[in-house]
Novice: 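Could you have a look at this structure, given as structure tokens, before my questions?
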Amino acid sequence: MQLATWNVNSLGVRLPHVLEWLAEHPVDVLALQELKLPDEKFPAEALREAGYHAVWLGQKTYNGVALLSRAEPQDVVRHIPGFPDEQSRAIAATYPLPDGSTVRVVGCYFPNGQAPGSDKFAYKMRWLDALHRWVQEELTRHPQLALMGDYNITFDDADVWDPDGLRETIHCTTEERQHLQRLVALGLHDAHRLFEQPPKSYSWWDYRMLGFQKNRGLRIDHILVTDALKARATGCTIDRAPRKKPQPSDHAPVVLTLG
DNA sequence: ATGCCTTGCTTAGCAAGA
């Protein structure tokens, strides 16, 4: 049983990569971010042919999230309830597990935030507040929950290729990291850190300046899990292989394996 | 560094990403 998350930076461009990756890695649930296409252009048929159900929340040009799954999704929620948002950033669904229990999957594309002090940063903070309230409420009903996606926040310096040069810049500010810790304090665990990882493990690399080749990256794509899922987790990896292909997304998939 | 890439929208140059 595997859950994965991947910011594809345009599903229109990256659909072949997604299909190839799923053929090699037939995960049970794949959360996608940055679809960059409206609902009516979502490639549901191609994904169905690949054996995947899909639920999605599209948006023209920007944002957009989806959940692909082997099993049929239940109790689908689009957008953070009680947080009217013109930007399509959140989707949730429930899936059956082989033992008869269920897993609640919340897939999110957190706002970038641009720079501390900007309007976009203020929106990021409001969005994070709303997400916290929503996840807290979801946890009352779902002991097995995974919150995964492009968080656009690093946990600490170990997630940053140049922590001194990027100190208190976007993705690395104390304020953003405090929000991330508030989510953790709800009783969640960073799945990546549950396991031994290679040094300098990142999930995003800038397209410019040979960022990937020099491993100048950030770990900003995360899977947070509840105690019950932590107990079942047997591995969590970042798959750098798709980042090496021609015309890649700037993000790599993150994969959680559950026993 | 004011950009460096990439994408979408619109059709050459922005906006936005991170």
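When reading the values below, keep in mind they use all heavy atoms of this one structure, side chains included, and skip hydrogens, waters and symmetry mates. Chain letters run A, B, ... following the sequence lines, proteins first and then strands; every chain starts at 1.
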Novice: Distance check needed: B:dC9 P versus A:Q59 CD, whole Å only.
Specialist: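 From A:Q59 CD to B:dC9 P: 11 Å.
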Novice: Sticking with atom P, work out how far B:dT2 lies from B:dA12, rounded to a whole angstrom.
Specialist: 28 Å
Novice: Counting C-beta onward and ignoring hydrogens, is there a side-chain heavy-atom pair between A:L11 and A:W56 closer than 4.5 Å?
Specialist: no
Novice: Between the side chains of A:Q144 and A:T102, does any donor sit under 3.5 Å from an acceptor?
Specialist: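 A:T102 and A:Q144 do not have a side-chain donor-acceptor pair below 3.5 Å.
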Novice: Roughly how far apart are A:D157 CG and A:D164 CG, rounded to 0.5 Å?
Specialist: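 Going from CG on A:D157 over to CG on A:D164, the span is 7.0 Å.
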Novice: Grab the CG-P distance between A:L11 and B:dG8 for me, whole Å please.
Specialist: 10 Å
Novice: Under a 3.5 Å cutoff, is there a donor and acceptor pairing between the side chains of A:R219 and A:S203?
Specialist: no
Novice: On a whole-Å scale, what distance lies between the P atoms belonging to B:dA16 and B:dT10?
Specialist: 14 Å
Novice: What's the gap between B:dC4 and B:dC14 when it is taken at their P atoms, as a whole Å value?
Specialist: 12 Å
Novice: Tell me yes or no: between the side chains of A:K36 and A:N9, is some donor less than 3.5 Å from an acceptor?
Specialist: yes
Novice: May I have the distance from A:H17 (atom NE2) to B:dT7 (atom C1'), rounded to whole angstrom?
Specialist: 14 Å
Novice: In whole Å, what is the span from the CD atom of A:Q33 to the P atom of B:dT7?
Specialist: 17 Å
Novice: Provide the distance between the two C1' atoms, one in B:dT11 and one in B:dA1, to the nearest whole Å.
Specialist: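 The answer is 30 Å between these two C1' atoms.
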Novice: For residues 15-26 of chain A, dump all side-chain donor-acceptor pairs below 3.5 Å to protein atoms at least two apart in sequence or in another chain.
Specialist:
from  : atom 1 : to     : atom 2 : distance (Å)
A:H17 : NE2    : A:P246 : O      : 3.1
A:H17 : NE2    : A:Q247 : O      : 3.1
A:E20 : OE1    : A:K245 : NZ     : 2.5
A:W21 : NE1    : A:D239 : OD2    : 2.8
A:H25 : NE2    : A:D239 : OD2    : 3.4

Novice: Look at all strands and tell whether A:R216 reaches a base, only sugar-phosphate, or nothing, counting heavy atoms closer than 4.0 Å.
Specialist: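 Here A:R216 touches no strand at all.
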Novice: Across nucleotides 13-18 of chain B, 5' to 3', mark each nucleotide with B, S or - according to how protein heavy atoms within less than 4.0 Å reach it.
Specialist: ---SBB
Novice: Using OP1 and OP2 only, check whether a side-chain N or O of A:R14 sits under 4.0 Å from B:dT6.
Specialist: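 Result: no.
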Novice: A:K41 NZ to B:dG8 C1': how many Å, rounded?
Specialist: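 Spelled out: NZ on A:K41 to C1' on B:dG8 is 10 Å.
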Novice: Could you tell me whether B:dT11 is syn or anti, where syn means a glycosidic angle within 90 degrees of zero?
Specialist: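 The base of B:dT11 is oriented syn (glycosidic angle within 90° of 0).
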Novice: Does A:D119 have more than 12 heavy atoms from other residues, nucleotides or ligands lying within 6.0 Å of its CG?
Specialist: no
Novice: Could you tell me how far B:dG3 sits from B:dG13 if I compare only their P atoms? Round to whole Å.
Specialist: 15 Å
